[in-house]
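Along the sequence shown, residues are numbered consecutively beginning with 1. Not measured: the values here are computed from a predicted model.
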Amino acid sequence: MSFLSPLLSLPKRRYWAIALAMTSAVLPWPIAGLHKLYLGQPVWAGVYWLLWNTPIPRIACAIDAVWYFVQGEEDFNRQFNNIEGDWHQNGDRIAPSQQVITMPKPCES
């Protein structure tokens with residue numbers, strides 16, 4: 001699992017979460033929960049996958065997509081990126097308005 005740590009520590013982007021949740025709600029394949037994995041919630045992803053043959057995960061994915069869409073950038077970043085303050089998404093990266101956060105380099109083993 002250590003090879004996934006750098007990927008899981010990257011900032012999460014709101015529109016990717018919305019896209020994954022909507023895709024899971026619309027497509028008939030049992031992919032519900034991918035947005036939960038993306039957001040670092042593997043337990044909820046497992047619950048969605050356990051209920052894959054019921055309509056519950058598709059409805060929950062649609063609700064999650066609407067919730068992420070209605071939720072502001074600051075609230076999303078506070079909840080899923082543990083970022084406080086006035087942050088905004090800028091292109092392909094999350095950029096601070098007046099602060100700088102450095103990511104620790106992964107340990108080479």
Worksheet entry | Passing option when H35 is tested against Y48, W67, W16 for ring pair (Phe, Tyr, Trp, His ring centres under 6.0 Å) | Y48
Worksheet item: Do Y68 and F80 pass the ring-ring contact (aromatic ring centres under 6.0 Å, His included) test, and can you show the C-alpha distance, the side-chain angles, and the key distance before you say yes or no?
Response: CA-CA 11 Å; Y68 301 149; F80 296 110; 5.8 Å; yes
Practice prompt. Kindly compute the distance separating CD1 (I56) from CZ (R58), expressed to the nearest 0.5 Å.
Written response: 13.0 Å
Item to complete: Determine, using the 4.5 Å side-chain heavy-atom cutoff (strictly less than), whether L37 and V47 are members of one ILVMFWY cluster.
Response: no
Discussion item. Side-chain heavy atoms nearer than 4.5 Å, only ILVMFWY residues, links allowed to pass through others: does that put L39 and F69 together?
Written reply: yes
Worksheet item: Just how far is it from atom CG of D64 to atom CE of M22, taken to the nearest 0.5 Å?
Response: 11.0 Å
Discussion item. Treating S24 as the side-chain partner and C61 as the backbone partner, does any N or O pair qualify as donor plus acceptor under 3.5 Å?
Written reply: no
Worksheet item: Heavy-atom count around W44 CH2 within 6.0 Å, excluding the residue itself: above 12?
Response: no
Discussion item. In this structure, would Y38 and F76 fall into the same cluster of hydrophobic residues linked by side-chain contacts under 4.5 Å?
Written reply: yes
Fill in: Approximate separation, where rounding is to 0.5 Å, of D75 CG and R14 CZ
9.5 Å
Fill in: Inter-residue atom distance T23.OG1 - L34.CG, 0.5 Å rounding
8.5 Å
Worksheet, complete the sentence: CD (E74) and CG (N81) are apart, to the nearest 0.5 Å, by 12.5 Å
Fill in: From I63 atom CD1 to I59 atom CD1, the distance as rounded to the nearest 0.5 Å
7.0 Å
Worksheet item: Between W49 (side chain) and A32 (backbone), is there a donor-acceptor pair under 3.5 Å?
Response: yes
